[in-house]
Amino acid sequence: MSVEQPTGPRWAPDVLEAMKGRANFRVSAPITLIAGCLWDFGEDELAERALAMSDDDHAAILRIAAVYENPRYPLPVVGRNITHGHVDALAAIAYFEGALRPLAQNRRRAQKNRPDRFRTPLPVRDHEGDA
């Protein structure tokens with residue numbers, strides 16, 4: 001798989017490798033979820049950028065996240081259980097900035113303060129056949 005270099009920052013070798021993804025393992029996360037995870041950890045500018053990402057950007061971030069989901073991958077999160085939110089935010093940082101780095105803040109912001117644009121809508125249930 002060939003990966004094009006972005007017009008912005010160049011990617012570090014480890015990020016380029018992660019962009020290849022992981023065999024037989026996929027991550028699924030809507031754009032609003034990735035943007036919300038970035039906002040949760042104080043990455044406001046990248047959260048806004050994530051909302052406007054292309055389908056190709058989104059696919060690349062999901063491939064990186066699949067690699068970062070491996071518990072043995074050395075993510076820069078210290079003293080915490082690494083959650084899917086950490087992984088999604090770190091994958092987006094690595095993609096947008098070209099290198100993996102620690103999150104702007106270690107603790108999540110309160111969900112009640114998350115702006116609506118960063119909330120993932122709940123799926124609509126089909127109640128066909130319900131009494």
Side-chain angles (χ1 to χ4, degrees):
M1 164 187 268
S2 172
V3 178
E4 287 185 33
Q5 287 288 331
T7 56
R10 291 192 157 280
W11 287 303
D14 62 311
V15 176
L16 278 171
E17 186 63 28
M19 286 176 64
K20 295 176 184 175
R22 200 166 132 196
N24 301 317
F25 189 85
R26 295 197 188 283
V27 169
S28 178
I31 287 172
T32 51
L33 178 69
I34 294 168
C37 292
L38 287 162
W39 183 88
D40 289 347
F41 293 107
E43 301 288 347
D44 297 0
E45 286 182 27
L46 290 180
E48 294 293 343
R49 184 173 174 186
L51 289 177
M53 76 173 109
S54 71
D55 290 342
D56 289 342
D57 295 338
H58 185 216
I61 289 169
L62 294 177
R63 288 192 307 271
I64 294 168
V67 171
Y68 290 179
E69 282 286 344
N70 181 340
R72 292 183 305 262
Y73 197 93
L75 294 174
V77 178
V78 179
R80 301 206 151 295
N81 289 330
I82 297 174
T83 67
H84 298 298
H86 289 99
V87 169
D88 290 342
L90 290 166
I93 288 169
Y95 180 77
F96 288 136
E97 295 184 354
L100 185 59
R101 65 160 172 81
L103 297 161
Q105 59 188 56
N106 291 320
R107 297 183 63 96
R108 289 180 191 267
R109 292 173 167 164
Q111 293 292 305
K112 66 181 181 182
N113 296 333
R114 185 188 271 187
D116 287 341
R117 67 187 175 280
F118 299 125
R119 294 183 191 278
T120 302
L122 295 174
V124 177
R125 289 185 165 201
D126 181 7
H127 295 288
E128 192 173 306
D130 287 352

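- Hydrophobic clustering (side-chain heavy atoms under 4.5 Å, transitive across Ile, Leu, Val, Met, Phe, Trp, Tyr) groups Val87 together with Tyr73.
- Atom CG of Leu103 is separated from atom CD1 of Ile93 by 4.5 Å, given to the nearest 0.5 angstrom.
- With hydrogens and angles ignored, the 3.5 Å screen pairs no side-chain donor or acceptor of Arg63 with any backbone N or O of Ala18.
- Put simply, the side chain of Val67 does not reach to within 4.5 Å of the side chain of Phe25, judged on heavy atoms.
- Shown here for Ala104 and Gly42, the closest heavy-atom pair between the two residues is CB-O, 3.7 Å.
- For the pair Tyr68/Leu100, a side-chain contact is recorded, criterion being any heavy-atom separation below 4.5 Å from C-beta on.
- Open room surrounds CD on Glu45; 12 or fewer heavy atoms of other groups in view lie less than 6.0 Å from it.
- When side chains are defined from C-beta on, Thr32 does not count as touching Arg119, because their heavy atoms never get closer than 4.5 Å.
- Counting only distance, with no hydrogens or angles, the side chain of Trp11 and the backbone of Tyr95 share a donor-acceptor pair below 3.5 Å.
- Side-chain N or O atoms of Arg114 include none that pairs as donor or acceptor with a backbone N or O of Trp39 at under 3.5 Å.
- Looking at Ile34 and Cys37, their side chains never come closer than 4.5 Å, going by heavy atoms from C-beta outward.
- Using a 4.5 Å cut-off between side-chain heavy atoms of Ile, Leu, Val, Met, Phe, Trp and Tyr, with links allowed through other members, Val15 and Leu75 fall into the same hydrophobic cluster.
- Side-chain N or O atoms of Arg109 include none that pairs as donor or acceptor with a backbone N or O of Asn113 at under 3.5 Å.
- The backbone N or O of Ala29 sits less than 3.5 Å from a side-chain atom of His58, completing a donor-acceptor pair.
- Take Arg101 and apply the salt bridge (Lys or Arg N to Asp or Glu O under 4.0 Å) test, not counting sequence neighbours, and it matches Glu43, Glu97.
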Show your working on side-chain hydrogen bond (donor to acceptor under 3.5 Å, both in side chains) between Arg108 and Thr83 and close with a plain yes or no.
-> CA-CA 11 Å; Arg108 289 180 191 267; Thr83 67; 2.8 Å; yes

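- Separation of atoms NE2 (His84) and CD1 (Ile82) is listed at 11.5 Å; rounding is to 0.5 Å.
- Side-chain atoms of Leu62 and Ser28, non-hydrogen and from C-beta on, never get closer than 4.5 Å to each other.
- A pairwise comparison of heavy atoms in Ala35 and Leu51 identifies CB-CD2, 3.6 Å as the closest pair.
- Atom CZ of Phe118 is separated from atom CD1 of Ile31 by 12.5 Å, given to the nearest 0.5 angstrom.
- Annotation: side chain of Val77 is not in contact with side chain of Asn106 (no heavy-atom distance under 4.5 Å).
- Taking the six-membered ring for Trp and the full ring otherwise, His86 and Phe41 have centroids separated by under 6.0 Å.
- Contact annotation: the side chain of Ile61 never approaches that of Asp88 to less than 4.5 Å [non-hydrogen atoms, C-beta and beyond].
- Look at Glu69 and Arg22 and you find no salt bridge, because none of the NZ, NE, NH1 or NH2 atoms lies under 4.0 Å from a carboxylate O.
- Side-chain atoms of Asp40 and Gln105 form no donor-acceptor pair, as typed in the model, at a separation below 3.5 Å.
- Leu33 and Leu38 fall into different hydrophobic clusters, defined by Ile, Leu, Val, Met, Phe, Trp and Tyr side-chain heavy atoms under 4.5 Å apart, directly or through other members.
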